[in-house]
Structure formats: structure tokens, C-alpha cells
Amino acid sequence: MRPCACACTRWTCAPWARTASPRRSRAGGGAHGARQRCHGTPGTWTDCTRCARSASALRCSWCWCRASVRAASWRSWRATWARWSRASARIATLGCSRRSSRSGAPSSPIRARLTRCCARWPSGASSCCVRRASVRRRCCGRRRRRSASWSPPVAGARRGAESRAPPVYPVSPMSGNEQQQKKGGGNAPAAKTAITPTREENYAEWYQQVVRSADLAENSPVRGCMVIKPWGYALWENVQRVLDGMFKATGHKNAYFPLFIPLSFLEKEAAHVDGFAKECAVVTHHRLKAGPDGKLIPDGELDEPLIVRPTSETIIGATFAKWVQSYRDLPLLINQWANVVRWEMRTRLFLRTAEFLWQEGHTAHATEAEAVEETMKMLKVYADFAENWMAMPVFQGRKTDSERFPGAVDTFCIEAMMQDRKALQAGTSHFLGQNFAKASEIQFLDADGQQKFAWTTSWGVSTRLIGAMVMTHSDDDGLMVPPRLAPTHVVILPVTHKPETAQQVLDYCQKLAADLRAQHFAGRAIEVEVDARDMRGGDKMWQWVKKGVPVRIEVGPRDIEQGAVFMARRDRSAKDKVAVPRDEFVKGAAALLQEIQDGMFARAKAFREEHTKRIDTRAEFEAFFTPKRAGDENQPSEIHGGFALSHFCGDAVVEADVKNRLGVTVRCIPLDGADEPGTCVITGRPSARRVVWGKSY
RNA sequence: CGGGGUGUAGCUCAGCUUGGUAGAGCGCUUGCUUCGGGAGCAAGAGGCCGCAGGUUCGAAUCCUGUCACCCCGACCA
């Protein structure tokens, strides 16, 4: 027995009673807002709910609270608690509701609630049911609380009331990475994958995990910006190297323009303003000073604010205006490698970040035809790069009015299909007409003595390509890098756990690496890394699997004796290893890499073909994009059909309507599509050719 | 901008409803065993519990304020 913890030494009410906290007033039957005197006698101990129940059953009568009312309340609370405990025990066996619902097990009332809740974001149980049951609990809280049958009596009265309520969802044996991965104990996982969840289970989360496991990038302290890690940046460097060569080969020169653009420049082109004004970072000050509390505050306001470039048409236009005097100065073919900032609300590594790296080409031409030709030429360069280097099949096409670049006359793009069958725009090429030339006054004196406005183009690809690569090729064991862009083609893993042979194995590996480096693939020496880190072999191997290195070689004493290497290809199962004679492997390495490259392209293309369908009726079109989940007609499935090749009348209103209802847009009007008269799949109006419809990133 | 949440060890999170010694798993360090494969055992290091006030003998826990972040919607490809 020990002293009561209540405010026994005081005569007045406790402050919290006066504040009429909703929780208190509700729990106590509404009586606690009122001031009451304490009627107890000091030193006597009777029921009081303010005491520490866990420590003692004693209740203090010295408190002002009405013991009888609160005791009754406590009893009902105990009953509720018991119900929750039972519910909790049942939930423990369910695991993630998504799995539960898919498994087709008979539904309980609890499961029904969970399922309904999570299905609130159809595509996004992704954001809902990630990783842990406890995370799910949070998101499900709102809906769960509304289902009256098991609401806590004090629901909503406190911060996080639902998450602290007794039915704590234990971590499901299915939902935790570790549980499933480690030593598959009693619950025998179906197939162990290096990445959890798998693509099928949760595509969005799978993507994040692949990027993380491959050590490509991570989130930074700055919201919406990413840190690109060495492995990810090496990929980007390869993209840069190859593309830069292609640009140079088509006559372009690199230059660099300022990060900051005067606000007035952006205002020059009306459509451009509409497109970018809402996502610009603005610089208004140029120095800092110490504030009164010692913290730094901005000082020295700029006369004219500067924006951080979301794209450089305006400032490059202003520069071109100075550079271009005569038709002899044209064409002007410039490219810049740079970073840009678009203040995005929601971001995903590589796919959409506030700051990203890219390349933007800007050209000025004397005639319209020449500028159009340039636009198409660069589109072809992008398509070539995507297909032959990234092994990513793309549709080349023209954008509809609603998807056109702000300020452009015509926008062309390459569109690729990701493994969730959504479209990703991987590169764009714009014919800008004379819009920006007029805005920036890029004029020249033509051969006929007339002062004319130039015709301009712009085109770009960004670090988004890395995201495209990830989502095109990776599997449930992590990233798979196309060999022609791989920072490392071959990784050699020496088996050195026996000290007596370790040095011999290492020497052998170094010699093997040197021989491989003498071979060439895709215009450079084969890149080899000997990973001699002091780690366990399994961990080490899986790291490289997750990084997507095309070929892994294991070399141990036994291989040395036999003059062989033990080889595994990333495009096959991680366990699928074969012994190959050493010299044969070295000689055939380049061919092997090309074979892997070709195989990846073929696989990606087959996937796209499989999920691209010619559709001619409206009913089929809508069904294609809203497949029903088996067993529940009301729940849209997560994965839709893919790309639909259908006729479209070209009406922007119709397109907007389809976007609102189905989330589907015209990805592009393919260039290589043959003219084929038909009727619009939505309106039935005549149409000249088929377009590519799809859901997009 | 509207709505809903969360801040606890490097990471993922328990603990809070009912105030009383700061917890787990993974990761990290060391040792032994194991190892042609994502190891086992043992020991160890690591925490202004977001910040500031308040209540209390005592606050990670209750109250008030504040900051940051996340999710949904809106916006955007």
C-alpha cells in the first residue's frame, strides 16, 4: 500500500477537470466539466479511478471525482477490453487483409471490415498495406473506428486513440519481411525472393524495395529530393555517355545555361506560364543574416525574383536571340546536361522527384521543315537508345492536345510499358514552331533579305529512364541491368574461406579479371569487379543479384584445379549456375553479354505484346481497364489490361471524360501505325487511325 | 488548400488507454563454431522517447502549444 497518486493534498479541482476534455467528459458520463468539491477524508482509501490501477487496487476518496459513476464506467471498459482481446486474437491469424481476401478464405466480420477499408484505395493498397500490420492499422483506423460495432467508447477523444486501442494487430507471419525470409521455419514460404513484397503482391512497394536493395538511390533530408548513390549514378553516367555520343554524332554541341531564370522570362510565353507556374521554386533573397534568436533569416530581397529552372526554353531562347543574326548562324544545335526543379507534391524515387537530372536539347532552324525534321530525328535517337541500349521496347508517337508540352506546337514521345502494364513516358521531343522564337525574339535575316523568326525545337530525357529500366526489367530478386548500360558487367566472387588457398584463389581471380578486361563489349572494355570483401559468400552473392549485375562468377579451389569458372546469369534463376571452361568463358564473354541484352529486350517486348490489344467496342474497352476482381464485383482489380489500340475521334472533351472515369488517357498517336479508317471506340465518330490508350505514370 | 495519421536505438517498430528502472527484431562490434553460399551460439556497444511549456512526489505515457514527416483528396506526367 502506498499513497494515492491523486491530487489529494489539494482541495480544488484538478485543472484537467475544468478544461472539460472530451475524453474525460465522455468517459465519466458527462459530469466532469463541472466543478465539484472533494468530499473525502484525507488518509482514507476507497475507490478512485485516478489512482494507478496497474499498481494498486486502492481508490482514493479524496478526489473530487464521483467514484460510483467512474467505477461503473471502468467495469464497462473492462468488458470492452475483453472483447477487443478476443478480436485481436482472431486478427492475429489473418495477416494482411489483402492476402486474406485473395486467399479466398471464408470471411469473418473483422476481415470484411479490413478488406473494405483497404480497398478504399484500389490501386493502393500499395500505400495502405505496406510491410507491416501496424502500418495498416494506422491507415485503416478511420474506417474501422466508424464501424460502430466495435468502436472504443472513447473513440476519437485522444490523439491516436485507435492505434493505441487494445486490438493491437500482431505482425502477421505473412507480412513481415524477416519472418518470411529468415529460415522459413514452420510457415514454409512458397518461394523465397530477394525482394518482398513481390511485384504481384504490391507493385509500388516492390519498386521502392528494388531501388533500395540495388543501392541506386535513397530519400534525402530534403523533401521530394533524392540522393543518387554510386551504383545508380554509374547507370546515369552510362546513359549520359551513350546519349552524348549520339547527340554529338548528329551535330549537337554541349553548353551550359544558368540554374536561375528571371521571373519575367517565364512570363513571355503564355502557355508555358500555365504549364509551369504552379511548380516553380522561387528565389527571393540573396543572403542570410543572424536573427534575434541567433537563427539565420533571409535578407537582401532581390528586385526581381528568380525561379529555379523547371526547363530552360526561356533563358536559352533569350541567349539564342543574341547568337542568331543571320541565316548563316542556323541551324543552332545545342544540348545541355543539367538539373531542373519541379516542385512536385508527391514523389517517387527516379520517377518523379522535385529535382532531377536530365538533358535538354534546344535547336533553332531557318525553316519549319528543318525544325520538324530535327524533332523527328531526336525522337528516333531516343527510341534507338531505349530499344538498343536499355532493351526497352517503346511506342513512338505524337501527343494529343491535352498532353502536349506547354508552349509547343507538337509534342512527340516514346512510351514504354512497365510490368504493372502502366505506361511511362520515357522521352519527349517538341516542335515549338515559332512560339518561343517570338517570345524571345529569335530573329534572323534570311537569304532573301527578310527578317524572320526562327523555328525551334527542344527534347529531353531524364533520370526517369533509370526508373523505367527498373520497372521494365527487374524481377522479384531485384534489379536487372541491361548489359550495355551496366556499370559492371561481370563480378567475380572468390571463394576464400579456407585460408590456405585464399591467396591462390585471389591471384587467379585477378588474372581472370585482367583477361576479361581485355575483351570489349558495346564500345568499351568489359567492366569487371573482383569482390574480395570479407563477407559471407551468400550475402555477397545476393547483393550482386539485387544490384542486377549481368554475370556473376564464382571461383574456388576446385574450379582452379579444373581450369573452370562457375557462372551465373542474372537473367536466369539465382541458383542456376554452370561450370564453364575458363578460356571459353573469357572468349565468349562479349557474346554472352549481347545474348543477355537481346534476351531482355525480347522478354520485355513479348510482355508488351501480350498486354497490348486491339479493341473496337466501348464495352470491351471499359472492361479492359476495369477488370473485376474474382469473387467481388465491386472491387476493381489492381492490374488492368495494359495498352489498348483503339480508334479515337480526337475530341479533347471525350478524352477528358475517359480520363476522369477510367484514369485512362491517349498515350500517343503512334507514328508507325498504318492509316486504318474506323470509328471512335467511345463516340462512334469516324477516326483515321488507332491510338495507344493506357494508364500512365 | 481540405481531411486523416505519425514522431521512441542506424533501420522497422512495441510500450502510452490504466504515469512508477527505456524495450524487441534486424543491423553493428567481439569471440567460438559453421561456410561452394542469404548461418548458429554467446557477449557487447548504441536512446535530450521531435521540441517547448504545464499537471504530478514522479511524465515516453496525461494536458496545452509548436515543429517535422507520412497518407488520402485537389494539382501534375
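Side chains included, hydrogens not; waters and symmetry mates left out as well; all remaining heavy atoms used. Chain letters run A, B, ... following the sequence lines, proteins first and then strands; every chain starts at 1.
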>> Any heavy-atom pair between the side chains of A:Ile414 and A:Leu379 that's under 4.5 Å?
In response: yes
> When the distance from NZ of A:Lys278 to C1' of B:rC75 is rounded to whole Å, what number comes out?
Replying inline: 6 Å
>> Looking at A:Arg212 and A:Glu205, is there a salt bridge between them, counting it only when a charged N and a carboxylate O are closer than 4.0 Å?
In response: no
> Do A:Phe350 and A:Met469 have side-chain heavy atoms sitting under 4.5 Å apart?
Replying inline: no
> Angle class for the A:Phe356/A:Trp358 ring planes (parallel below 30°, perpendicular above 60°, tilted otherwise)?
Replying inline: perpendicular
What does the list of N/O pairs under 3.5 Å between the protein and nucleotides 67-70 of chain B look like, with a distance for each?
unit_1	atom_1	unit_2	atom_2	d
B:rC70	OP2	A:Arg223	NH1	2.3

> Atom CZ of A:Arg464 and atom P of B:rC76: how far apart are they, to the nearest Å?
Replying inline: 15 Å
>> Pairs counted only when both distances fall under 3.5 Å, Watson-Crick or G-U: show me the 5' to 3' dot-bracket for RNA chain B, [ ] for pseudoknotted crossings and | for other-strand partners.
In response: (((((((..((((......[..)))).((((((.....)))))).....(((((..]....))))))))))))....
>> If the condition is side chain to side chain donor-acceptor pair (under 3.5 Å), which residues does A:Thr311 pass it with, not counting sequence neighbours?
In response: A:Glu313
>> Categorize A:Arg404 for me: base, sugar-phosphate, or nothing, with a 4.0 angstrom heavy-atom threshold over every strand shown.
In response: nothing
> Could you state the CD-P distance from A:Glu218 to B:rU12, rounded to the nearest angstrom?
Replying inline: 12 Å
>> My understanding is that only residues two or more places apart in sequence, or in another chain, count here; which of them pass ring pair (Phe, Tyr, Trp, His ring centres under 6.0 Å) with A:Phe585?
In response: none
> Is A:His497 near enough to B:rG36 that one of its side-chain N or O atoms lies under 4.0 angstrom from OP1 or OP2?
Replying inline: yes
>> Taking any heavy-atom pair under 4.0 Å as a contact, classify A:Arg342: base, sugar-phosphate, or nothing.
In response: nothing
> A:Glu344 CD to B:rC75 C1': how many Å, rounded?
Replying inline: 9 Å
>> I'd like to check the side chain to side chain donor-acceptor pair (under 3.5 Å) partners of A:Arg536; sequence neighbours left out, ordered by chain and number.
In response: none
>> For RNA chain B, which residues of residues 536-546 of chain A approach it to below 4.0 angstrom with any heavy atom?
In response: A:Arg536, A:Gly538, A:Asp539, A:Trp542, A:Lys546
